[in-house]
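Scroll down for the structure; my scribbles are underneath it.
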Amino acid sequence: MSDQIKTIGVLTSGGDAPGMNAAIRAVVRIAVSRGLKVKGIQRGYSGLLNEEIVDMDAKSVADIIQKGGTILYTARCEEMKTEEGQKKAAEICKKHGIEGLVVIGGDGSFQGAQKLSHLGINTIGVPGTIDLDIACTEYTIGFDTAVNTAMEAIDKIRDTSTSHERCSVIEVMGRSAGYIALWCGIANGAEDILLPEKWDHDEDALINHIKDTRKRGKKHHIIINAEGIGRSQEMATRIEKETGMETRATILGHLQRGGSPTCKDRVYASLMGAYAVDLLCQGKSNRVVAYANGQYVDFEIDEALAMKKDIDEFQFDVSKHLAR
Ligand code: ADP
Ligand code: F6P
């Protein structure tokens, strides 16, 4: 049992991600096993500022590990970006006896966590986003489920594209990052993979490639386009006009954020949630949990936010040679 901290809070913030429930469950159950009290804060920082705070025990997280979404709900909250909002949030934590806080979310959420740490609340971030765009970690909660969901959906689109001998522009999420697009591009055997980090926006070259694959006898042409590039419908219209190949655009959208988490997301999220509680028990603050080189590790939030991440050159090179 920790000498320093008696009560911790847990919240989810930013876009939801499958596996967040597994992380909440681990935070609550590991904290209880360490003799801590746990308060669940609903609707992220917005709920914290509105004092939407509930007591949690081992039973409150029963029957959730297999569920998508987050039982604590999530929100985006502009007020938390202001100094006033941050001070108010820290005061509310103190009022409710919350000495330590686990924030499950992305880089934006970690900035809120960093501010709370500086205001005396021991805060630990756990990476939760389907986008995989957090630089300090090779794993983020939800990415594995999201890419599997997207992959299955794209397989289905491929069936109908082949039957109709069409071109399909399929837009996947990822905000300004191309990780979901890259993974789906490889996993679905796409003919073109457009990543915001890499694509030179040369639509003429794309159109020539479609004409070429058609000449080589391909029965469909699947283009995975990242949300960070967008314009999928415009691209489809131009492709159809210039290649004569019937073309459809599909924006997969929020279906990628839902659904029962994969085994990997359940297990990694559980271990990260447990790791976060252990950091709080050690009196640590302003840290983010990460997975790097096969191990669970932690970084100072300031350091984590300053890190940069880019598409791996080897993966990109392989993807280009496979997409033909
Ligand atoms: P994510 O956490 O997935 O990156 P957002 O970028 O939308 O998602 O951030 C989630 C929330 O984190 C924001 O709505 C806001 O409440 C909080 N947040 C974002 N940036 C800051 C900041 N600079 N300072 C304090 N809080 C922030
Ligand atoms: O960060 C997760 C994510 O799903 C991004 O891929 C996407 O750009 C964004 O959130 C969508 O946010 P909203 O649910 O607010 O439309």
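Any value given below was found using the heavy atoms of this structure, including those in side chains, with hydrogens, waters and symmetry copies removed. One-based numbering, in listed order, for ligands and for the atoms of each.
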Exercise for the section: Step through it carefully: locate the ring centre of Tyr291, locate the ring centre of Tyr268, and say whether they are under 6.0 Å apart. Expected result: yes

Practice task
Please identify which atoms of ligand 1 are closer than 4.0 Å to at least one heavy atom of Gly106.
Solution key: 1 (P), 2 (O), 3 (O), 4 (O)

Practice task
Go through the side-chain N and O atoms of Thr70 and Asp16 and say whether any donor and acceptor fall under 3.5 Å apart.
Solution key: no

Practice task
Check if Glu83 has a non-hydrogen atom at a distance under 4.0 Å from any atom of ligand 1.
Solution key: no

Exercise for the section: Name the closest protein heavy atom to atom 2 (C) of ligand 2, giving the residue it belongs to and the distance to 0.1 Å. Expected result: Asp131 OD2, 3.3 Å

Completion exercise
The atoms of ligand 1 lying under 4.0 Å from a heavy atom of Arg175, numbered in the order shown, are 3 (O), 6 (O), 8 (O)

Fill in the blank from the handout: A student checking ligand 2 against Arg175 at a 4.0 Å heavy-atom cut-off should list atoms 1 (O), 5 (C), 6 (O), 8 (O)

Practice task
Give a yes or no on whether the ring-centroid distance for His209 and His221 is below 6.0 angstrom.
Solution key: yes

Completion exercise
atom 24 (N) of ligand 1: closest protein heavy atom, distance to 0.1 Å, is Lys115 NZ, 3.5 Å

Practice task
Please say whether Cys77 places an N or O atom under 3.5 Å from an N or O atom belonging to ligand 1.
Solution key: yes

Practice task
Check whether the side chains of Arg266 and Ser260 place a donor and an acceptor atom closer than 3.5 Å, and report yes or no.
Solution key: yes

Handout entry: Short side-chain donor-acceptor distance under 3.5 Å, Glu51 and His96
Key = yes

Exercise for the section: Check whether the side chains of Asn148 and Thr262 place a donor and an acceptor atom closer than 3.5 Å, and report yes or no. Expected result: no

Handout entry: Proximity winner for atom 17 (C) of ligand 1, if only heavy atoms of Gly125, Ala113, Gly112, Gly108 are counted
Key = Gly108

Handout entry: Any side-chain donor near an acceptor of the partner, Gln114 and Asp302, under 3.5 Å
Key = yes

Handout entry: Ligand-residue contact atoms, ligand 2 with Gly174, heavy atoms, under 4.0 Å
Key = 6 (O)

Exercise for the section: Say whether Asp107 and ligand 1 are in contact under the criterion: heavy-atom distance to a ligand atom below 4.0 Å. Expected result: yes

Practice task
Taking only heavy atoms of Glu227 into account, list the atoms of ligand 2 that are under 4.0 Å away from them.
Solution key: 5 (C), 6 (O), 7 (C), 8 (O)

Handout entry: Sub-4.0 Å heavy-atom contact, Gln256 with ligand 2
Key = no

Problem - Heavy atom of the protein closest to atom 2 (O) of ligand 1 (residue, atom name, distance) - result: Ser109 OG, 2.5 Å

Handout entry: Atom indices of ligand 1 within 4.0 angstrom of Gly14 heavy atoms, with elements
Key = 3 (O), 8 (O), 10 (C)

Practice task
Could you find the nearest protein heavy atom to atom 16 (O) of ligand 2 and give me its residue, atom name and distance?
Solution key: His254 NE2, 3.2 Å

Completion exercise
of all protein heavy atoms, closest to atom 15 (O) of ligand 2 is Arg76 NH1, 2.7 Å

Practice task
Can you sort out which atoms of ligand 1 are near Met80, meaning under 4.0 Å from one of its heavy atoms?
Solution key: 16 (O), 25 (C), 26 (N)

Practice task
Look only at interatomic distance and state if Lys81 has a nitrogen or oxygen under 3.5 Å from any nitrogen or oxygen of ligand 1.
Solution key: no

Problem - NZ/NE/NH1/NH2 to OD/OE distance under 4.0 Å, Arg287 and Glu300 - result: no

Exercise for the section: Go through the side-chain N and O atoms of Thr247 and Glu240 and say whether any donor and acceptor fall under 3.5 Å apart. Expected result: no

Practice task
Considering non-hydrogen atoms only, spot the tightest contact between Met80 and Gly112 and give its length.
Solution key: CE-O, 3.7 Å

Practice task
Indicate whether any N or O donor in one side chain lies under 3.5 Å from an N or O acceptor in the other, for Asp312 and Tyr179.
Solution key: no

Completion exercise
Going by the 4.0 angstrom heavy-atom rule, the piece of Glu79 near ligand 1 is neither

Handout entry: N or O contact, Met173 vs ligand 2, cut-off under 3.5 Å
Key = no

Problem - NZ/NE/NH1/NH2 to OD/OE distance under 4.0 Å, Glu78 and Lys81 - result: yes

Practice task
Number the atoms of ligand 1 from 1 as they appear, then name those within less than 4.0 Å of a heavy atom of Ser13, with their elements.
Solution key: 10 (C), 11 (C), 12 (O)

Exercise for the section: Determine, using the 4.5 Å side-chain heavy-atom cutoff (strictly less than), whether Ile104 and Val38 are members of one ILVMFWY cluster. Expected result: yes

Exercise for the section: Among all protein heavy atoms, pick out the one at the shortest distance from atom 11 (C) of ligand 2; state its residue, atom name and that distance to 0.1 Å. Expected result: Arg257 NH1, 3.5 Å

Fill in the blank from the handout: So the atoms of ligand 1 within less than 4.0 Å of a heavy atom of Tyr45 turn out to be 12 (O), 16 (O), 17 (C)

Practice task
Examine the side chains of Ser60 and Asp57 and answer whether a donor and an acceptor come within less than 3.5 Å of each other.
Solution key: yes

Exercise for the section: Please confirm whether Arg76 comes within less than 3.5 Å of ligand 1 when only nitrogen or oxygen atoms on both sides are compared. Expected result: yes

Exercise for the section: May I ask you to check whether Ser168 and Ser161 show a side-chain donor-acceptor distance below 3.5 Å? Expected result: yes

Problem - Shortest protein contact, atom 22 (C) of ligand 1 (heavy atom only) - result: Gln111 CB, 3.5 Å

Practice task
Determine whether any heavy atom of Gln86 lies closer than 4.0 Å to an atom of ligand 1.
Solution key: yes

